Amino acid sequence: MALTPGQKQLIIDIDAKINQILLNKGDERDILLFFAEIMESFKKILFSCEGNELNTYCQQI
């Protein structure tokens, strides 16, 4: 199944948040805490993608 516009936006938002965490001297713990908050939405993206779809999309952004 192709990524929906909402899922694509979530990927963009995740990327921005991770970059923000790292720019603010955050570490792996901070990243894991962030992912704990969004895990359900993130799992839906991971399990809805086929093959390399997610990798291909992430390389484009």
Side-chain angles (χ1 to χ4, degrees):
M1 178 189 322
L3 292 170
T4 67
Q7 290 171 323
K8 289 180 180 181
Q9 185 59 53
L10 181 58
I11 292 169
I12 292 168
D13 294 345
I14 289 170
D15 183 58
K17 181 64 176 180
I18 297 300
N19 286 327
Q20 179 185 20
I21 289 170
L22 295 174
L23 285 173
N24 290 320
K25 307 286 189 233
D27 57 15
E28 294 88 359
R29 180 181 180 275
D30 298 315
I31 293 171
L32 287 173
L33 288 172
F34 165 68
F35 271 103
E37 295 173 8
I38 63 158
M39 187 52 66
E40 287 304 313
S41 298
F42 186 63
K43 281 182 3 184
K44 288 178 186 175
I45 291 173
L46 289 178
F47 295 125
S48 69
C49 295
E50 296 178 0
N52 273 344
E53 182 183 8
L54 189 55
N55 288 336
T56 300
Y57 179 73
C58 289
Q59 289 174 357
Q60 294 172 1
I61 59 172

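Residue numbers run from 1 in the order of the sequence given. No experiment lies behind these values; they were computed from the predicted model shown.
The CD atom of Gln7 lies 10.0 Å from the CG atom of Leu46; values are rounded to the nearest 0.5 Å.
Under a hydrophobic-cluster definition in which Ile, Leu, Val, Met, Phe, Trp and Tyr are linked whenever side-chain heavy atoms come within less than 4.5 Å, directly or via other members, Leu32 and Leu10 are assigned to different clusters. Hydrophobic clustering, with ILVMFWY side chains joined whenever heavy atoms are under 4.5 angstrom apart, keeps Leu33 apart from Ile38.
Side chain of Asn19 to backbone of Asp15: a donor-acceptor contact under 3.5 angstrom is found.
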Result block: side-chain N/O donor-acceptor pairs under 3.5 angstrom for residues 22-30, not counting sequence neighbours:
unit_1: Asn24; atom_1: ND2; unit_2: Gln20; atom_2: O; d: 3.1
unit_1: Asp27; atom_1: OD1; unit_2: Arg29; atom_2: N; d: 3.1
unit_1: Asp27; atom_1: OD1; unit_2: Asp30; atom_2: N; d: 3.2
unit_1: Asp30; atom_1: OD2; unit_2: Asp27; atom_2: N; d: 2.9

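Contacts classified as salt bridge (charged side-chain N to carboxylate O under 4.0 Å, His left out) and involving residues 37-47 (residues at least two apart or in different chains) are given here: Glu40-Lys43. Pairs engaging residues 12-36 under the ring-ring contact (aromatic ring centres under 6.0 Å, His included) rule: Phe35-Phe42 [sequence neighbours left out].
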